[in-house]
Amino acid sequence: METKKLVLIIIFSTSLLFLWDAWQKELYPSASQVMSGAASNSSNQRHDPLPVPGDELSSSTGEPGISSGIENGNPSVTPNLFTIGEKIHIKTDMVVAEIDTAGGDIRQLGLIQHPSREDKNKPYELLLDKTARFHVAQSGLIGDGLPNHKTKYTIDSNNYSYELEPGQDKIVIRLLAPEMDGIQVAKIYTFHRGSYVIDVNFEIENHSDTTIIPFSYFQMFRDANDPTDASTMVHSYTGAAMYTEADKFLKIKFSDLDKNKAEYPTNADNGWIAMLEHYFLTAWLPAQNTPREYYAKQLAPNQYTAGVIAPLGTIEPGQTKNITMPFYAGPQEQNKLAELAPGLELTVDYGWLTVLAVPLFWLLSFYHSWTDNWGAAIILLTLTVKLIFFPLSAAGYRSMAKLRVVTPKLQRIREQYASDRQRMHQAMMEFYKEEKINPMGGCLPILVQIPVFIALFWTLMAAVELRYAPFALWITDMSVPDPYYVLPVIMGVSMWIQSKLSPTPADPMQAKVMQIMPIAFSIFFFFFPSGLVLYSLCNNILSITQQWQITRMYENKAEEEANKDKNKKKRKDKPETATEKSQLLAPSAADDENTVKEEVISVANTAQNEKPQSPAAAVPAQNKAPAKTKSAPASKRAKKK
């Protein structure tokens with residue numbers, strides 16, 4: 001019982017800690033968020049010098065390292081943070097994007113199939129270049145006189161608006177950089193139908209008389225602010241991440257970049273680098289088995305960049321070379337991400353229980369393919385998990401039912417040894433042993449199931465498929481809290497019912513905690529996404545049903561045993577029958593008969609010795625003797641008394 005109390009206190013304390021953390025984040029924003037406004041006026045706010053390839057990557061070209069010429073090294077700072085040029089608008093069946101000719105960056109990108117929280121008629125802005133919050137995709141070349149993300153481009157045509165027409169598979173936008181020293185560079189964007197992947201291509205034509213050895217870089221530039229629709233109660237990861245076959249999936253936290261303590265592999269011939277936020281990500285996906293160098297760093301307070309450098313090799317005079325880098329900007333859809341690049345599906349943040357969460361999500365998707373309703377799929381998944389753990393749950397509830405039956409006896413033991421705690425524990429252990437009850441039997445099966453239920457919690461929390469997914473009636477989006485708080489209230493009622501089915505704690509403090517827990521957890525569930533509350537509610541209802549059935553069985557069994565004991569006691573206290581009495585008196589009557597015979601013989605001997613009598617006189621004497629001896633047993637019994 002002490003261990004169970006400790007587990008409950010730990011759960012309650014952890015819940016309070018999460019609430020306190022969320023409250024602090026709401027009241028006091030992080031330093032990076034506070035500094036974002038103040039830092040906008042600093043001269044280093046704009047852009048850092050271009051990334052420089054390391055010696056290992058430079059040596060892969062077979063030529064000496066090259067210097068990184070920086071064009072327009074220190075442009076003036078604008079209130080908008082970015083230099084503003086002409087806007088090019090693109091619309092496909094999946095995205096609405098905006099490219100700025102200043103740097104040729106993708107400054108804005110909205111996801112048509114994922115509406116904004118603020119306005120359902122507008123797409124969610126994954127890329128944006130606002131002062132308060134920014135996240136853009138930049139790219140360029142490293143080399144003397146070569147264009148970078150600060151170069152002014154011009155569009156190859158006079159068309160500044162593109163829309164994917166029916167029957168058209170892709171949109172191609174061609175940007176031209178000013179020709180420098182006979183080097184002509186074109187940046188080409190290709191948007192595909194039914195895809196969130198955008199191909200970014202550099203085409204370099206060498207019209208000069210010298211050989212060049214350029215490098216290309218592709219990066220994401222953003223702040224550390226959480227998305228506008230981020231949950232205040234459940235924190236999700238926002239930051240950089242990367243993957244290589246050697247080191248697998250790694251998160252590069254902004255806090256580590258602030259302290260210059262981030263550790264990650266730089267050189268590889270595989271993998272990718274990304275920026276993650278709740279439900280969505282952006283990622284550069286280099287071709288496999290090609291050399292590249294990854295980098296991530298802090299440029300200024302609340303400004304971070306992460307990207308990849310790739311060599312183009314030697315370009316001889318009169319030669320043209322191309323390099324293409326796919327750029328993904330879209331939702332964290334596991335099944336589709338796995339097809340794009342190895343390990344990209346790991347960007348779905350399941351925490352440390354990914355090994356359990358992945359099969360749970362697969363099963364959830366399987367049920368969704370049946371029902372076409374994510375709410376129904378959650379109910380079926382919860383039922384499946386409960387069936388799998390039915391034996392463990394049953395064992396735990398059986399132990400709790402036994403404790404519930406013997407609670408009055410345990411209470412008497414506590415009252416009897418209230419002054420001697422050690423003796424009380426010893427008596428309780430002896431009682432458990434006598435009754436064949438394991439006090440930990442109710443906790444251990446539940447503890448085994450906790451990792452699975454936490455994994456299921458994060459599965460539902462990270463699933464972008466639940467965003468704007470309706471369930472029934474008033475629940476039209478399972479990724480946000482219940483607008484009328486119906487599910488949280490029912491959840492609180494179910495927790496209260498479950499607490500009544502559990503053994504009543506003898507410790508007053510523990511009893512108070514058990515009474516407060518349903519209210520406390522109900523408050524938490526008021527802020528949880530409705531999909532998570534639906535899962536918890538279904539799990540509670542199934543648990544209550546199972547626990548009620550097992551408790552009822554044991555209480556009925558205990559009642560039957562109590563009735564048997566009462567019947568036995570009644571039979572013992574019932575008066576004896578006449579037959580039983582005669583059987584008990586039979587031995588004493590025999591003893592009295594023997595006593596009478598002995599006294600008769602004794603009287604006869606005494607009469608013969610004292611006075612001789614005639615035979616005629618002896619007969620009356622002998623006839624009188626029985627009359628005298630009839631009172632002898634009574635007198636003897638009186639003496640015995």
In Å, rounded to the nearest 0.5 Å, how long is the span from [atom1] of [X] to [atom2] of [Y]?
{"X": "E98", "Y": "I106", "atom1": "CD", "atom2": "CD1", "value": "11.5 Å"}
{"X": "I183", "Y": "I212", "atom1": "CD1", "atom2": "CD1", "value": "4.0 Å"}
{"X": "L460", "Y": "T382", "atom1": "CG", "atom2": "OG1", "value": "7.5 Å"}

Could you verify whether a donor N or O on one side chain and an acceptor N or O on the other, from [X] and [Y], lie under 3.5 Å apart?
{"X": "R292", "Y": "T290", "answer": "yes"}
{"X": "S139", "Y": "K187", "answer": "yes"}
{"X": "D199", "Y": "H192", "answer": "yes"}
{"X": "D226", "Y": "T238", "answer": "yes"}
{"X": "Y279", "Y": "H114", "answer": "no"}
{"X": "E316", "Y": "N206", "answer": "no"}
{"X": "Q219", "Y": "Y295", "answer": "yes"}
{"X": "N159", "Y": "S157", "answer": "no"}

Please determine if [X] and [Y] form a salt bridge, counting it only when a charged side-chain N lies under 4.0 Å from a carboxylate O.
{"X": "R133", "Y": "E277", "answer": "yes"}
{"X": "K253", "Y": "D258", "answer": "no"}
{"X": "D100", "Y": "R107", "answer": "yes"}
{"X": "K130", "Y": "E125", "answer": "yes"}

Plane angle bin for F361 and W374 - parallel if under 30°, tilted between 30 and 60°, otherwise perpendicular: parallel

Parallel, tilted or perpendicular: rings of W362 and F366 (30°, 60°): parallel

Non-hydrogen atoms of L111 and P123 that approach each other most closely: O-CB, 3.1 Å

Closest heavy-atom pair and its distance - G343, W272: O-CZ2, 3.2 Å

Under 3.5 Å donor-acceptor, [X] side chain and [Y] backbone:
{"X": "E203", "Y": "A186", "answer": "no"}
{"X": "Y264", "Y": "Y243", "answer": "no"}
{"X": "N302", "Y": "D223", "answer": "no"}
{"X": "K321", "Y": "L312", "answer": "yes"}
{"X": "S530", "Y": "D477", "answer": "yes"}
{"X": "T101", "Y": "G104", "answer": "no"}
{"X": "D156", "Y": "L175", "answer": "no"}
{"X": "S216", "Y": "A310", "answer": "yes"}
{"X": "E465", "Y": "S365", "answer": "no"}
{"X": "N373", "Y": "A377", "answer": "no"}

Would you say [X] has more than 12 foreign heavy atoms packed within less than 6.0 Å of its [atom1]?
{"X": "D247", "atom1": "CG", "result": "yes"}
{"X": "K91", "atom1": "NZ", "result": "no"}
{"X": "K170", "atom1": "NZ", "result": "no"}
{"X": "Q168", "atom1": "CD", "result": "yes"}
{"X": "D119", "atom1": "CG", "result": "yes"}
{"X": "K122", "atom1": "NZ", "result": "no"}

Mind checking whether [X] and [Y] have side chains closer than 4.5 Å, heavy atoms only?
{"X": "L109", "Y": "L128", "result": "no"}
{"X": "V95", "Y": "Y196", "result": "yes"}
{"X": "N270", "Y": "P342", "result": "no"}
{"X": "I273", "Y": "M220", "result": "yes"}
{"X": "D93", "Y": "I112", "result": "no"}

R117 to Y468 six-membered ring, cation-pi geometry met (6.0 Å, 45°): yes

Y189 six-ring centre to R174 NZ/CZ under 6.0 Å and within 45° of normal: no

Verdict with reasoning, Y535 to F457, per ring-ring contact (aromatic ring centres under 6.0 Å, His included): CA-CA 8 Å; Y535 146 68; F457 175 92; 7.6 Å; no

Any residue meeting ring-ring contact (aromatic ring centres under 6.0 Å, His included) with Y294, in chain and number order, not counting sequence neighbours: none

Contacts of Y237 that satisfy ring-ring contact (aromatic ring centres under 6.0 Å, His included) - sequence neighbours left out: none

H149 ring center near Y217 ring center (under 6.0 Å): yes

Inter- and intrachain pairs under side-chain hydrogen bond (donor to acceptor under 3.5 Å, both in side chains), touching residues 280-289, at least two apart: H135-T282

Derivation of the salt bridge (Lys or Arg N to Asp or Glu O under 4.0 Å) call for D349 and K251: CA-CA 10 Å; D349 189 10; K251 291 180 179 178; 3.0 Å; yes

With Y328, the side-chain contact (heavy atoms from CB on, under 4.5 Å) member among L337, I198, T347: L337

